[in-house]
Amino acid sequence: MTMTATPVGRSTAAAGKPRRRFAALSPSWLFAAPALVVYAVVVLYPSLAGMLYAFTDWSGIGADKSFVGLANFQTLLHDEQAMDSIGNTLLLTVAIVVVQNAVGLLLALGVHAKLKSRALLRVIFFAPVVVSPVMVAFLWKYIYNPDPSAGLNGLLGVQIDWLGDPSLALWSIAATVVWQYAGYSMVIFLAGLEGVPKELHEAAMIDGASTLQRFRYVTWPLLAPALTINLMLSTIGGLKLFDQVFAATNGGPGYATETLSTVLYKQAFVFGKFGYSTAIALVLALFVAAVSLVQVYYLRGREVAQ
Amino acid sequence: MTELRDARLSRVQFFRMMGGLAVAAAATACSTKPQPTGSTGQGQASAVELRFVGVADQKAPMDELVAAYKQAKPGVTLATSFAPTDQVQTSLRTQLGAGNAPDVHVVYPGSGSAMSMDQIAGAGLLADLSDQSWTQTIPTGFKPAFQKDGKTYIYSAGSSVIGAIYNKKVFQEAGVDAPPTTWTEFLAVCDKLKKAGKTPIALGAQTPWVTQLITYALVPSTVYAKDPTFDDKQAAGQTSFAKSGWRDAMEMYLELQKRGFFNDKPNGTTFEQQISMVATGKAGMAIQVSAVLPDFRKSAGNPDDLSMFPVPGADVADQVWIPAGVVVGLGAAAKGKNLAEAKAFIDFLGKQENINRWAKAIAAIPLTQDASSTIDPAVQSFLPFTKDRAVPFMDQRWPNAEVQPVHFAVIQDLLAGKIKIDDALRKMDEAYAK
């Protein structure tokens with residue numbers, strides 16, 4: 001069968017759609033079935049079963065637990081620390097989503113240009129992504145040493161308490177996340193850039209469009225699918241951020257960098273309130289799902305049909 | 001060029017293919033299954049392997065004592081693993097919750113942590129050790145840390161103290177001849193060190209647990225010296241953090257900061273940086289628990305440069321009390337498969353010679369002492385206090401695991417100037433009441 005035959009095959013399949021009575025038995029579903037079964041057993045079932053703990057007062061150890069209805073959710077509404085942590089989580093997410101994608105896009109545009117060293121630069125910019133987030137946080141703890149002669153302070157010749165100043169610590173953590181994941185956004189944007197047809201750029205050039213105009217009217221609209229993916233991934237990552245905060249500040253100083261994830265961790269494993277912690281986790285999961293759905297709905301709307 | 005999508009595969013062919021794969025997978029599974037059984041079945045029928053999970057502080061003494069136990073009882077081996085407190089807390093609580101706890105594991109004395117004796121024994125997950133002979137000699141003052149409802153659930157080799165780990169060389173260079181014995185003298189020493197161009201007190205308050213040590217060092221003098229029954233009264237609701245000498249201790253803490261006796265930006269400084277500052281002579285002292293003295297010594301050019309003295313929290317020398325807490329210990333899982341062997345190992349640790357070995361490895365004061373007991377010269381100056389002027393670490397009597405993290409957080413906020421002492425004490429009282 002040749003390439004030219006493909007559309008014929010597809011249209012035949014499309015025409016045959018109404019007679020398909022057992023969609024679940026189609027080869028595509030059957031191929032996915034083994035993975036879906038594993039996913040259901042390893043992820044779905046434990047997650048759904050775990051949700052039940054949100055309605056109990058289980059301590060995480062021992063057999064004692066009783067049904068408490070919606071009490072854990074009511075506690076959450078009046079929990080000052082959890083509410084503050086929602087604010088921190090949202091601030092972090094906005095900062096990370098905006099800066100990480102802006103930097104990622106700039107890097108992608110940079111390494112998409114005809115540079116001799118672009119392959120090497122791509123590897124360098126992507127390298128932090130493959131390092132464990134905990135290791136990155138520990139590394140940055142050294143870089144953020146408050147000593148004026150050490151780390152970033154020594155390099156910049158400033159005396160800033162990066163992680164110890166409550167008004168700055170959150171942004172310092174956001175910077176480490178951006179440093180680590182800007183390369184990830186870059187790769188996705190780069191894939192989008194590779195897909196922009198050269199002919200369109202040539203046509204725009206012939207029409208006398210400037211570089212900026214070509215970006216604005218040719219590249220940017222065609223990058224919409226990459227932007228959708230990047231915004232969604234960085235939003236989800238930001239909302240459930242845990243490792244970097246836990247390793248860098250453990251939520252401190254005070255409660256200045258506490259996120260919803262660190263609060264739920266502490267409730268479960270430090271305070272021994274597993275039921276309440278599960279309630280927070282459930283709220284977080286629903287919130288992340290809601291935000292992602294809204295985001296996808298709006299961003300898909302602006303994607304250009306190809 | 002053909003595309004995969006267009007390669008036709010009938011449903012019958014597909015089912016045949018999947019069926020074949022399933023049979024192949026099952027056959028592979030069956031053929032590999034018997035192998036491990038065969039290999040473990042060779043020779044070691046009577047061997048018992050005990051699993052131990054502990055915190056990093058326990059590695060040095062456990063390595064030594066596990067090796068000794070192997071000599072004493074060759075049939076039993078111990079698979080040990082150690083991790084920082086936070087990680088152990090996470091993994092152990094998960095294992096305890098799932099019912100597959102290690103045979104022997106770390107347990108914190110008293111009641112103030114999620115891994116404390118009181119909480120785990122309360123959930124019925126710790127074996128009763130009361131029939132072991134060493135439990136009969138636990139000093140009365142320490143019993144609340146070891147026992148719940150009169151039964152002993154935790155083994156610990158002794159107590160550690162909180163005081164100032166100081167660099168003798170730096171003190172000498174600054175013209176300080178002897179450690180201070182009153183609060184006024186303490187401030188004067190700090191002043192001398194500061195004038196000599198040194199940081200008087202290194203504080204690594206970015207590491208949460210380090211934040212609590214200065215209040216812990218002062219509260220025995222500001223609270224318990226005045227009312228040794230404070231814990232009972234607080235539990236009965238007759239007093240609170242806000243109404244007690246806790247306020248004085250926090251004021252003294254902040255006075256040290258106001259006078260510039262801490263390193264710059266303590267909230268951004270870690271425990272490791274704190275160690276380095278004292279060990280290298282950049283700072284004069286650090287208020288720390290004696291159990292980390294070996295870490296300071298490891299970092300110092302000459303370990304003998306480092307010693308300790310009690311932090312005087314009062315202006316009258318005999319009103320100075322010290323914190324002396326039972327060191328982190330271990331317990332046996334009540335429902336463990338090898339419970340008898342696990343208890344036998346703990347009984348071995350309870351022998352006087354082994355209490356001495358454990359205590360020596362972490363510069364602790366042995367739980368019970370005999371002629372062969374040695375006490376680290378650095379903590380000798382604390383011994384006169386241990387009889388009647390010492391109190392357990394405060395969290396060991398707190399009713400829940402929330403007070404301690406709140407204490408960490410409010411100290412960081414106080415150091416950052418974000419809250420006032422009133423707010424700090426109110427938050428701690430609220431956590432205590434939960």
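Note on naming: letters A, B, ... go to the chains in the order of the sequence lines (proteins, then strands), and numbering restarts at 1 for each one. What you are looking at is a predicted structure, and each value in this text was computed from that prediction instead of being measured.
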### Message
What's the separation between atom CZ in A:Phe271 and atom CD in B:Gln404, rounded to the nearest 0.5 Å?
### Response
10.0 Å
### Query
At their closest point, which heavy atom of B:Ala286 faces which heavy atom of B:Val278, and how far apart are they?
CB-CG2, 3.7 Å
### Query
Using the ring of each side chain (for Trp, its six-membered ring), is A:Phe55 parallel, tilted or perpendicular to A:Phe73, with breaks at 30° and 60°?
tilted
### Task
Residue by residue, scan residues 99-111 of chain B and write down, ordered by number, those that have a heavy-atom distance under 4.5 Å to chain A; if none do, write 'none'.
none
#### Entry: Choice from A:Tyr265, A:Phe274, A:Tyr144 maximising heavy atom contacts with chain B below 4.5 Å
A:Tyr265
### Query
side-chain contact (heavy atoms from CB on, under 4.5 Å) with A:Val43: which residues, sequence neighbours excluded?
A:Tyr39, A:Ser47
### Task
Answer yes or no: is there an ion pair linking B:Lys434 with B:Glu430, defined by an N-O contact shorter than 4.0 Å?
no
### Message
Which atoms of A:Ala33 are under 4.5 Å from chain B, going by heavy atoms: the side chain, the backbone, both sets, or neither?
### Response
neither
### Query
In chain order, what residues pass the side-chain contact (heavy atoms from CB on, under 4.5 Å) check against B:Thr270, with sequence neighbours excluded?
A:Lys141, B:Gln206, B:Thr207, B:Glu272, B:Gln273
### Segment of B:Leu96 engaging chain A (4.5 angstrom heavy-atom cut-off)
both
### Atom group of B:Lys282 that falls short of 4.5 Å from chain A, counting heavy atoms
side chain
### Query
Which heavy atom in A:Leu36 sits nearest to a heavy atom in A:Trp29, and how many Å separate them?
CD1-CZ3, 3.5 Å
### Message
Only heavy atoms, only distances under 4.5 angstrom. Which residues in residues 148-164 of chain A are near chain B?
### Response
A:Gln159, A:Ile160, A:Asp161, A:Leu163, A:Gly164
### Message
Quick check on A:Asp165 against chain B: is it the side chain, the backbone, both or neither that has a heavy atom closer than 4.5 Å?
### Response
neither
### Message
Would you say that more than 12 heavy atoms from the other residues, nucleotides or ligands in this model lie under 6.0 Å from the CE of A:Met135, or not?
### Response
no
### Query
In this structure, are over 12 heavy atoms from other groups packed under 6.0 Å from A:Glu80 atom CD?
no
### Task
Measure A:Ala169 against the heavy atoms of chain B and call it side chain, backbone, both or neither at under 4.5 Å.
neither
#### Entry: Heavy atoms of other groups near B:Lys418 NZ, more than 12 under 6.0 Å
yes
